[in-house]
Participant: 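Next up is a structure, given as structure tokens.
Here the structure is a predicted model, which is why all the values come from computation and not from measurement. Residue numbers start at 1 and run along the sequence shown.
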Amino acid sequence: MMHLKQLVVAIVLCLVSVSHIQAQNEDAIKSINTNLDAWHKAAAEANFNAYFNLMTKATVFVGTDASEHWERDAFKAYCKPHFDAGKAWSFSTLERHVYMVSDSIASFDELLDTHMGVSRGSGVMKFEDGSWKVAHYVLSAAIPNSKMSAVKTLKAEDDTTIISSFAQ
């Protein structure tokens, strides 16, 4: 009888623990969504400090052009004139999925309405300095599969130049 009581207690403790972890994940996901929304809003409002305060100290931003791979300082230098002019970019989230990797790391993907049309953002959020921040972000043009041949033809010359630059 004693073993049965111990087994019941162990099962109850496991269930309580799982419920606690799920609640923590739900809170983290809510905070991540809030911060990503605030990050996009800061760009739309050309609020340079708010935008970069929502990014980690070692953030990386990858843009839609093959040449756009920026670490934090280089990205800040690129962004500064746009934000200073009061015109950065405005992305509206259509859909977002967040995946908890650990208690301090999450990945996400989002479908966006942008000045380029429907685009996709994906990235990594890191819990840093008491809040969830963008650690890595990749912006991609969402190209329908049925249009890919036409797009491939349009960018063939640029692709050849890029590929040959890596062959050296």
Side-chain angles (χ1 to χ4, degrees), residues 16-148 151-152 154-155 158-159 162:
V16 169
S17 178
V18 167
S19 295
H20 179 70
I21 290 169
Q22 287 175 333
Q24 285 179 318
N25 282 350
E26 289 172 13
D27 289 345
I29 289 169
K30 182 178 178 184
S31 294
I32 289 165
N33 280 317
T34 297
N35 286 5
L36 282 169
D37 290 342
W39 186 59
H40 288 314
K41 184 177 186 224
E45 295 174 351
N47 187 334
F48 186 83
N49 290 332
Y51 186 76
F52 280 95
N53 286 340
L54 288 163
M55 299 174 86
T56 65
K57 295 174 188 94
T59 197
V60 173
F61 187 99
V62 180
T64 57
D65 189 286
S67 68
E68 297 174 336
H69 183 275
W70 293 293
E71 292 180 5
R72 183 181 173 94
D73 289 344
F75 189 52
K76 284 176 86 170
Y78 168 79
C79 291
K80 188 79 168 116
H82 298 286
F83 280 73
D84 285 351
K87 184 159 173 58
W89 44 87
S90 181
F91 297 169
S92 298
T93 305
L94 302 171
E95 171 185 69
R96 181 180 296 136
H97 305 100
V98 178
Y99 310 93
M100 296 304 299
V101 176
S102 71
D103 61 351
S104 62
I105 300 289
S107 63
F108 67 93
D109 61 82
E110 55 187 2
L111 200 59
L112 304 164
D113 180 6
T114 76
H115 63 281
M116 299 174 290
V118 175
S119 300
R120 180 160 311 276
S122 58
V124 175
M125 297 293 285
K126 181 178 180 185
F127 195 76
E128 181 178 279
D129 298 330
S131 112
W132 287 96
K133 298 182 180 185
V134 177
H136 193 104
Y137 193 79
V138 178
L139 180 63
S140 306
I143 301 166
N145 290 333
S146 63
K147 309 284 188 211
M148 190 55 72
V151 171
K152 185 177 173 185
L154 284 172
K155 64 189 212 96
D158 294 311
D159 285 355
I162 292 166

Participant: Minimum heavy-atom separation for A88 and A43, please, with both atom names.
Facilitator: CB-O, 3.1 Å

Participant: Does atom CD (E68) have a neighbourhood of more than 12 heavy atoms from anything else shown, all under 6.0 Å?
Facilitator: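 Count over threshold, so yes.
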
Participant: State, to 0.1 Å, how close A106 and V98 come at their nearest heavy-atom pair, and which atoms those are.
Facilitator: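 Taking every non-hydrogen atom into account, CB-CG1, 4.2 Å.
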
Participant: Ring centroids only, cut at 6.0 angstrom: are F83 and Y51 within range, meaning strictly under it?
Facilitator: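 Here the rings of Y51 and F83 have centres that are less than 6.0 Å from each other.
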
Participant: List the residues meeting salt bridge (Lys or Arg N to Asp or Glu O under 4.0 Å) with E45, not counting sequence neighbours, and say none if there are none.
Facilitator: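 Once residues adjacent in sequence are excluded, the partners of E45 under the salt bridge (Lys or Arg N to Asp or Glu O under 4.0 Å) criterion are K41.
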
Participant: So do T56 and V134 actually touch side chain to side chain, heavy atoms under 4.5 Å?
Facilitator: no

Participant: Hey, does K76 have a side-chain heavy atom less than 4.5 Å from the side chain of F48?
Facilitator: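 Yes. Closest side-chain heavy atoms under 4.5 Å.
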
Participant: For the residue pair K126 and T59, establish whether any side-chain heavy-atom pair is separated by less than 4.5 Å.
Facilitator: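 Not in contact.
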
Participant: Quick one: OG on S122 to NE2 on H136, what's the gap to the nearest 0.5 Å?
Facilitator: 7.5 Å

Participant: How long is the gap from CG on D65 to CG on L139, to the nearest 0.5 Å?
Facilitator: 11.0 Å

Participant: State the CD-CD distance between E110 and E95, to the nearest 0.5 angstrom.
Facilitator: 10.5 Å

Participant: Taking the side chain as everything from C-beta on, heavy atoms only, tell me whether C79 gets closer than 4.5 Å to W89.
Facilitator: yes

Participant: When you compare the side chain of R72 with that of M55, does any pair of heavy atoms fall below 4.5 Å?
Facilitator: yes

Participant: Rounded to the nearest 0.5 Å, what separates atom OG1 in T114 from atom CZ in R120?
Facilitator: 12.5 Å

Participant: Given side chains that start at C-beta, do those of H40 and L112 come closer than 4.5 Å, heavy atoms only?
Facilitator: yes

Participant: Is the W70 ring parallel, tilted or perpendicular to the F61 ring (thresholds 30°, 60°)?
Facilitator: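 Ring orientation, 0 to 90° scale: tilted.
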
Participant: Would the F75 and F52 ring centres measure less than 6.0 Å apart?
Facilitator: yes

Participant: With a 4.5 Å cut-off on side-chain heavy atoms, are T64 and S119 touching?
Facilitator: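 Counting from C-beta outward, S119 and T64 never come under 4.5 Å.
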
Participant: What distance do F108 atom CZ and N33 atom CG have between them, rounded to the nearest 0.5 Å?
Facilitator: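 So the gap between those two atoms works out to 10.0 Å.
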
Participant: I'd like to know whether K152 forms a salt bridge (charged side-chain N to carboxylate O under 4.0 Å, His left out) with D159, so could you lay out the CA-CA distance, the side-chain angles of the two residues, the decisive distance to 0.1 Å, and finally the verdict.
Facilitator: CA-CA 9 Å; K152 185 177 173 185; D159 285 355; over 6 Å; no

Participant: Side-chain contact test, heavy atoms from C-beta onward, threshold under 4.5 Å: evaluate it for M100 versus I29 and give yes or no.
Facilitator: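 Side-chain contact under 4.5 Å: yes.
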
Participant: Let me confirm one number: the CG-CH2 distance from L36 to W132, rounded to the nearest 0.5 Å.
Facilitator: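 Atom-to-atom, L36:CG and W132:CH2 are 11.0 Å apart.
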
Participant: Report the residues that fulfil side chain to side chain contact (heavy atoms under 4.5 Å, CB included) with D37, sequence neighbours left out, ordered by chain and then residue number.
Facilitator: T93, R96

Participant: Does atom NZ (K133) have a neighbourhood of more than 12 heavy atoms from anything else shown, all under 6.0 Å?
Facilitator: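 Enclosed.
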
